[in-house]
Amino acid sequence: MASTRKTYFLAPSWDIGPAEIALGSVVANPKVPHRPLSAGTLPDDIDSAIVNTPPADKCSGFAKLSGAWSLGLFATFVHFVTLGGKLAHSRKSASEIRYSCDTMGTRRFVPSSTYVTKAAHDKGVQAFLSMGGPGSEVFVITGIKTGYNITITTSEGKDVASAAQLGVDIPIIQTTVGPKAEHRSESQQEHRQHIEGPIVFAYQLERLRQTRKGAISNSEHTSGAMLGQGATGEHHDNQVEIADTEWTSVALEGLQSALVKGIDEHEDEQDCSIVVPDIVE
Amino acid sequence: MASLQGDAVLERRVVLLRAILDTFASAAAKRYEHAKVARHPTKIRMFWGDITQQYQLILEGQWSRLCPKNNELLIGLLGALESIFRGGTVSIAEECINASFPRLETLRQIINGVLANDTAGLSHLLRALDEQPAQSSRTNLMEHLRQLADVLAGDEQQSIEAESTVFPQVRRRLAPFLLNMLAVVSNHWTCKCALPHRAALFMCTHRHVAEEDSTVTIHGLLSTKANEIGWHATSMNVDTKRSQVRTRFDLPASTSIPTRRKIRDLCSTIENSATQTLKLDLDGRKLLQLMSSAKDNSSPPDMELVSLANGLFALQETELGIAGKLCLCIVLSYSMLDFCGEPWFPAGWTNSGIHFFQDNKVLRLRPMLVTPVQPARDTLSTNSVVMPSLLLSHAALMMEIYRQSPLSKYELTRAAENRITYRAFLRSSLQDTNWDVHERFKQAVQSCLDISEMEWVCGDAEVEGRLDSAFCQRVIGMLLSDFTAICGAIEPDVFISSLCLPRVESSSDNSKTPQLSVEVRPRINSRVTRPTPSPKPAHLRAHSPWKASGGRPAVEPRESGRSTVSSLGLSYERFFDTDEVVSVEQIRESGLWFQRFDEVKAKMPRMTASSHQLKIAILDTGIDLENSWLSCHARRIRCWPDAGSCKDTDGHGTDIAYLLLRLAPEDVHIRVAKIAQSRFLRNVDILAIAKAIEHFSDHRGEKVDIINLSFGFAIYKTPELRPIWLAIRYARDNGVLIFAAAGNEGANDGVAWPAKLSDVVCVSAANSYGRPAGFSSGEGHRVWTLGVSTPTCRTDDKQRIIHRSGTSFSTPIAVAIAATVLAFMEGLGNEKDLLVPQDCEDLKSRLWTKTGMERVLCRTCVPSESLEHRLSYITHVPFLTMSAFSRLGIILNELRSVPEG
């Protein structure tokens, strides 16, 4: 059964504008939402209501993460694009990040079966699904969160004590041999960046999966709705279904991403899941 | 050509001229004697014909165009010759008054029939024979000859007369001498060996035997026991002056004074000899052993005879450079003149009748004749005539040496039944051969065929002489010309002595005759256990700057396994994708192939992951990590040394990666190294390829299980490609499988290198129905799989999937199938209901050998009804649809039959 908790993917960088990530477009890689497989005209066929959440007031705060406290979606985005990598043990955990965002916006829609069918028949999507055979997945962008006038201030050089105040777990290194190095910097470097925007900082995806006709009942994603047929080319008797809308850690493993809990600062601080890409060396 | 000056150019001309002058002098002397004795018009015409032919060659600039200095000398020589006839015996014809050399021109025209049926002309020729030139004219001629000889030899002491007279004399005496010598030696073999002992004699050109040098050194080997293995190095000094044979065996020259001991049984003497060389002295009919006082602690080296067919063609993986091929043909051409008659080559003048010898390291490329040592016969063979049939065999042999591959044995056998069809077949092969820039080589072969069509009458000395002359001039002369152009003035005998190729190993030598015992060693291609990494190859430990040789190869003697090549020949190297347009039908068919794979895979439980992470390395044009499909599989991909250096700007490597990721088990990861910018392998860095192979073969790098090479080279050339060869050996020794594309030249070019290596699984392409693709090379090799219209992960501007064909793409498919087999075996520990035999772990490692993997693939991945076929069309389906129990049983049975390494 699909969860009511929304799952957001963090945008890979802070320089992707709303024009680059089209609501309703189909992408191959959840981590690369700005490179659609589908034709640019596909979003024009959206036949269901597009919900625009009204802009909220200016938000600001520290980007912090701890086991006890959930970090906001935007704060997580700021943390990710500033420091990169997994959040649990950032190598720059002694840094302090402050942010502010004047306005946030959200646009989302629930794709109809008609729209999914059209998406499945898009030539680019068909070709991609053919490449992978049964089990191949594509992703429809069903929600986009945008931000305007963003300021990010990064302070580096804080000592461990001050970093700990951010709520980040600091591993204590025990050394048994040699002098224990301890460095406390009195100086502090501050870096401020202003992004006028608008930028996309998170998005929602709906998974579409190709399956062999007649094999759906055997699929572990029995909750998926079969929506497209013959979607992978006239010679393949394949179908496309909406896979389980629940994003699990297992499902994200292949995407080299981590799933963390968070809150949506823009929409009444609702609980949400945040997909944070790993940094691939 | 005037710009072609300098020492090297001069040397080249000198050797060329010397070769032709030898022939000229030889022919002149022979014809003169015949003509004088017979005084028959035809013989007289023939005699002067040979002379005026040379005269015409000079006039037409076929000599003088090469070097102005030589041109001047030659013109002077003609002037001196012209002056011989000024005594008035040869009157000038009216048509020739304005010629530069009117008397020579008159003779030439008479010979050519312009003035035929002219009794006056014939009388001119006859009188010319009796010409008694003035002393001044004679002195003038001799002076010109002397000057020319100085230029030719670069030696003021050498006279052209000595060279020219000794040359034919020694040649014709050599064969009878050897027969006599071996007959004397045979008298001292009093053993009871079942078969006669053998002598293996090195062939050479014998061009430097002068009259004053009374001995000719014939190097060779003597067999220890006729029906066992073992040869002793010898050199035989044949006295050319004495009518009676006087031969001495000694090798090498010793500074100590030897004592002599009489030999009763040469067999036991050789057997008991603990020294490296047995030194014998044959004086008259006595055979003595030379006992040197100097200590010789070295033990006799292992020597083994290998037929040319095996040593140079079938078992040889190293390509001989063009200079070596030319030199070999020169030596064989001279030797053919020496030993063209019985009893020298009972197996025929073919690639199986001629032998090389090798020690435990290298194969020496001095050709050898192997002959039984037997008592003298009542009548010694005097048949040393170049016969047309022999010329055809020689043409075939030269062509094979150039190609370094045998002509079709079937065609040869069939065609040889009839000389006309044989010649036609050879002419056809001549045209089919890619002679590249070696036009003279081609002309030599063509001349051989042409001469074989000349009139030949058994026993007619004139005809035989004409054939000899033509052969020397048009075959040997042409080869020498090319050889000297490449190697300068180095003597072929010196050069051939230094030529080596890597030792060949085989389980049997096809050329072995019942009379000939040849040491053989079993070839070992597999190992019992996966070996520990061996030390890095030397070339990889010290990365010296390398660049492809583009100019003249060095001519210095090489130590071991280092032959020369003229250039890398970049136009031959390529990735093996075809330019064929893929049809809609082919796309549909390959789609069905993939569909079938998907269906079977979907029904199979996912193979359980094992602790061993299977990895496949791709050496190609890199990978496009931004490709939509590949980016979704990024976790399975790693680039070496980093992603930035592996960016694919061509697409070939991306397509290979796609097929592997698509068809190999999902737990299999790939590693990518970019070794070329484009599919044409332009500016390819050979050392980079070798380094990549080594990196993926070593735990110090990132060892993989399989390396995919979807490229190849038309021929193996050393030293350029040697680093790759060494790296492949290194990979093999470390238990890394190598799969390589067979090539897309069909049967035209044969299997490419390195696919043809015995350590590499050669993959050929078939269509989706398992029928060999027309473009695919690989005849005779076993592993075939889909290589026609395979899909890629790229689309065209109309969003259609690009499909491509070639053995480039059948290779990753075969690799993916192999990975499926490996994954099954690696996951056995997780198969709860499967009873695994105790020897499974030991046997499993044999899968990481070429033999083991190839056998398993051809047994488990081929439909059962096709198992008996020579070509194995492999797919996933038979393997995946088989029960795990059957799979395991068959695999282990196959591995048990793999020899232990």
Side-chain angles (χ1 to χ4, degrees), chain A residues 12 25-42 121-139 207 209-220 232-238 251-257 277-281, chain B residues 584-606 624-639 641-644 654-655 657-659 661-663 666-667 768 789-803 876:
Chain A
S25 63
V26 182
V27 298
N29 190 338
K31 293 157 72 174
V32 194
H34 49 296
R35 199 178 299 154
L37 292 169
S38 55
T41 55
L42 180 65
H121 280 87
D122 181 275
K123 285 184 177 177
V125 174
Q126 278 190 20
F128 181 85
L129 291 173
S130 279
M131 291 171 191
S136 298
E137 292 179 334
V138 291
F139 307 88
R207 273 193 297 175
R209 173 184 294 183
Q210 177 183 239
T211 183
R212 179 76 52 198
K213 185 178 181 182
I216 295 175
S217 60
N218 293 331
S219 166
E220 63 186 63
T232 59
E234 55 188 344
H235 303 304
H236 287 201
D237 193 16
N238 291 334
L252 292 168
E253 193 178 334
L255 297 175
Q256 291 179 300
S257 300
D278 288 348
I279 295 297
V280 180
E281 297 294 340
Chain B
V584 174
E585 186 62 18
Q586 287 174 327
I587 292 174
R588 190 189 71 80
E589 289 168 0
S590 75
L592 291 173
W593 189 97
F594 275 78
Q595 188 177 336
R596 176 85 172 120
F597 164 74
D598 290 333
E599 285 172 359
V600 172
K601 185 184 168 192
K603 291 175 184 172
M604 301 302 300
R606 182 176 170 175
D624 179 11
L625 289 172
E626 294 185 355
N627 175 276
S628 296
W629 197 90
L630 290 181
S631 72
C632 298
H633 298 78
R635 70 180 178 86
R636 298 172 66 190
I637 305 168
R638 188 180 296 171
C639 296
D642 53 57
T654 298
D655 298 340
Y658 161 73
L659 287 171
L661 293 169
R662 172 81 164 85
L663 298 173
E666 291 175 12
D667 294 328
S768 57
S789 184
T790 59
T792 69
C793 57
R794 296 180 295 133
T795 56
D796 61 14
D797 53 0
K798 293 181 180 175
Q799 295 294 338
R800 293 175 303 198
I801 293 176
I802 295 171
H803 288 71
H876 290 80

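Labels below follow one simple rule: chain letters A, B, ... track the order of the sequence lines, proteins then strands, and each chain is numbered from 1.
Considering CZ of B/F594 and OG of A/S130, their distance stands at 11.0 Å, rounded to 0.5 Å.
Across all their heavy atoms, A/F128 and B/C632 have their closest contact at CZ-SG, 3.9 Å. When all heavy atoms of A/A127 and B/I801 are compared, the closest pair comes out as O-CD1, 3.3 Å. Considering every non-hydrogen atom in both B/K798 and A/K123, the closest pair reads O-CD, 4.0 Å. Residues A/M131 and B/R794 come closest through the heavy atom pair CE-N, 3.9 Å.
Judged purely by atom type and a 3.5 angstrom limit, B/D598 has no side-chain atom pairing as donor or acceptor with the backbone of A/G133.
For B/K601, no part lies under 4.5 angstrom from a heavy atom of chain A. Proximity to chain A is limited to the side chain of B/Y658, based on heavy atoms less than 4.5 angstrom apart.
The side chain to side chain contact (heavy atoms under 4.5 Å, CB included) with B/S628 is formed by just one residue from the set A/L37, A/V138, A/N29; it is A/L37.
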